[in-house]
Trainee: 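My questions all concern the structure below.
Indexing begins at 1, ligand by ligand and atom by atom, following the structure's order.
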Amino acid sequence: MKVRKAVFPAAGFGTRFLPITKAIPKEMLPIVDKPLIQYSIEEARDSGIEQIIIVTSRGKTAIEDYFDRDPELEAFLLEKGKEELEKRVKQLSELAEYVYVRQKIAQGLGDAIMHSEKVVCDEPFAVFLSDDIIDSRVPVIRQLMDVYGQFGGSVLAVERVPRSKTSMYGVIKGEKVAPGVYRVEDLVEKPKEKPPSNLAIMGRYILTPTIFEALKTTTPGRGGEVQLTDAIRNLLATEEVYACQFEGTRYDAGDKLGFIKANMAFSMKRKEFRGELRRFLKKLP
Ligand code: UTP
């Protein structure tokens, strides 16, 4: 079955980015000239996703406004002869069909995904954590879709991380079934000791709709929240789950240093900034 829908949980507080996230949603922080979330929405569009389901909360209206039409601004730009800019602004509303779902209380990622059940219904869907910006030749969700097409079952994006960092991630134990593809045997959220591997789960998933039942029956873990990793672990009892070691460079833009690195890397990709930026960086003490 084709993956047509993608869920973007965006209802968190973004505490790692306080104080700015008190007023500006983390998803709207700019990487060069586009908000964080636009990078993953474009990745979804480039992978053939038709419907974008964004889970929002209070204080996040900037996201809805950004992906809406703005006839007054468009008319102003046209009047000033800025057709190219007008086209770019208008296109934002046409990247996909948008649906917004509200998570009233921030009860964790698992709960945010639960809120999309009525819109996703009974089909496989993608999940994007837009903090993870991945610069890749083939969009990462497309890479996961290819694994889903070949093996079926849910598919998690994984990346090798240094052993010292495994305690920051969900970590899988898997059996290699094809180059870069693992059949997941077990997974542990933020292992304190003895991680089962150094293959860490990153912010891209293809999930089968069975996940909704798994989320409902999973006992809340850390902080009283239902952890997505725990629900996926419960899925293993009834269906296969795979992991795809994707090709691409990932930036954790939900963290201040990762965000700065992402801004630098994406600025360096732009011809108009590259030379001057390199000279500027060399001069810094
Ligand atoms: P994070 O763990 O990154 O939380 O959530 P956060 O609130 O965004 O940021 P920090 O860690 O406090 O700095 C992963 C994803 O799940 C969403 C977030 O918006 C983010 O995209 N989320 C998290 C929700 O939608 N609802 C929640 O209750 C929690």
Trainee: Specify side chain, backbone, both or neither for Asp131, according to which of its non-hydrogen atoms lie closer than 4.0 Å to ligand 1.
Mentor: side chain
Trainee: Could you list the atoms of ligand 1 found under 4.0 angstrom from a heavy atom of Ala112?
Mentor: 24 (C), 25 (O), 26 (N)
Trainee: Looking only at N/O atoms, are Phe17 and ligand 1 under 3.5 Å apart anywhere?
Mentor: no
Trainee: Considering only protein heavy atoms, determine whether one is less than 4.0 Å from atom 2 (O) of ligand 1.
Mentor: no
Trainee: Any atom of ligand 1 sitting under 4.0 Å from a heavy atom of Val55?
Mentor: no
Trainee: Nearest heavy atom to atom 14 (C) of ligand 1: which of Val127, Leu36, Leu129 does it belong to?
Mentor: Leu129
Trainee: Among all protein non-hydrogen atoms, which one is nearest to atom 18 (C) of ligand 1, and what is the separation to 0.1 Å?
Mentor: Gly12 N, 3.7 Å
Trainee: Take a 6.0 Å sphere around CZ of Arg58 and say whether it holds more than 12 heavy atoms from other residues, nucleotides or ligands.
Mentor: no
Trainee: Is Glu27 close enough to touch ligand 1? Criterion: a residue heavy atom under 4.0 Å from a ligand atom.
Mentor: yes
Trainee: Show the numbers, then the answer: is there a side chain to side chain contact (heavy atoms under 4.5 Å, CB included) between Leu129 and Val127?
Mentor: CA-CA 7 Å; Leu129 305 188; Val127 174; 4.2 Å; yes
Trainee: Run the side chain to side chain contact (heavy atoms under 4.5 Å, CB included) test on Val101 and Thr56 for me, step by step, so that the C-alpha distance in whole Å, both residues' side-chain angles and the decisive distance to 0.1 Å come before the verdict.
Mentor: CA-CA 6 Å; Val101 175; Thr56 64; over 6 Å; no
Trainee: Give the residue and atom name of whichever protein heavy atom lies nearest to atom 4 (O) of ligand 1, and the separation in Å to one decimal.
Mentor: Lys26 NZ, 4.4 Å
Trainee: Just checking Phe259 against Tyr251, ring centres under 6.0 Å apart?
Mentor: no
Trainee: Is Ile54 reachable from Ile24 through a run of I, L, V, M, F, W or Y residues, each pair having side-chain heavy atoms under 4.5 Å apart?
Mentor: yes
Trainee: If we count only non-hydrogen protein atoms and require a distance under 4.0 Å, does atom 26 (N) of ligand 1 qualify as touching the protein?
Mentor: yes
Trainee: Quick one: does Tyr205's side chain get under 4.5 Å of Val155's, heavy atoms only?
Mentor: no
Trainee: Would you sort out whether Lys192 and Ser167 count as a side chain to side chain contact (heavy atoms under 4.5 Å, CB included), showing the intermediate values?
Mentor: CA-CA 5 Å; Lys192 287 219 171 56; Ser167 62; 5.8 Å; no
Trainee: Under 6.0 Å from the ring centre and within 45 degrees of the ring axis: does the NZ or CZ of Lys190 meet both conditions for the six-membered ring of Tyr169?
Mentor: no
Trainee: Which of the numbered atoms in ligand 1 are under 4.0 angstrom from any heavy atom belonging to Gln107?
Mentor: 28 (O)
Trainee: Identify the closest protein heavy atom to atom 21 (O) of ligand 1: which residue and atom is it, and at what distance?
Mentor: Pro9 O, 2.7 Å
Trainee: If you have a sec, work out which protein heavy atom is nearest atom 13 (O) of ligand 1 and how many Å separate them, to one decimal?
Mentor: Arg16 N, 2.6 Å
Trainee: Within a strict 4.5 Å, meaning less than it, do heavy atoms of the Thr15 and Thr21 side chains meet?
Mentor: no
Trainee: For Phe246 and Val138: C-alpha separation, side-chain torsions, deciding distance, then whether side chain to side chain contact (heavy atoms under 4.5 Å, CB included) applies.
Mentor: CA-CA 9 Å; Phe246 59 86; Val138 178; over 6 Å; no
Trainee: Give the residue and atom name of whichever protein heavy atom lies nearest to atom 12 (O) of ligand 1, and the separation in Å to one decimal.
Mentor: Thr15 OG1, 2.5 Å
Trainee: Just go through Gly108, Gly254, Ala106 and tell me whose heavy atom is the nearest to atom 29 (C) of ligand 1.
Mentor: Gly108
Trainee: For ligand 1, which atoms sit closer than 4.0 Å to a heavy atom of Leu109?
Mentor: 16 (O), 29 (C)
Trainee: Would you please indicate yes or no on a ring centroid separation below 6.0 angstrom for Phe151 and Tyr182?
Mentor: no
Trainee: With heavy-atom distances below 4.0 Å as the criterion, list the atoms of ligand 1 near Phe13.
Mentor: 7 (O)
Trainee: Are any of the heavy atoms in Ala10 under 4.0 Å away from ligand 1?
Mentor: yes
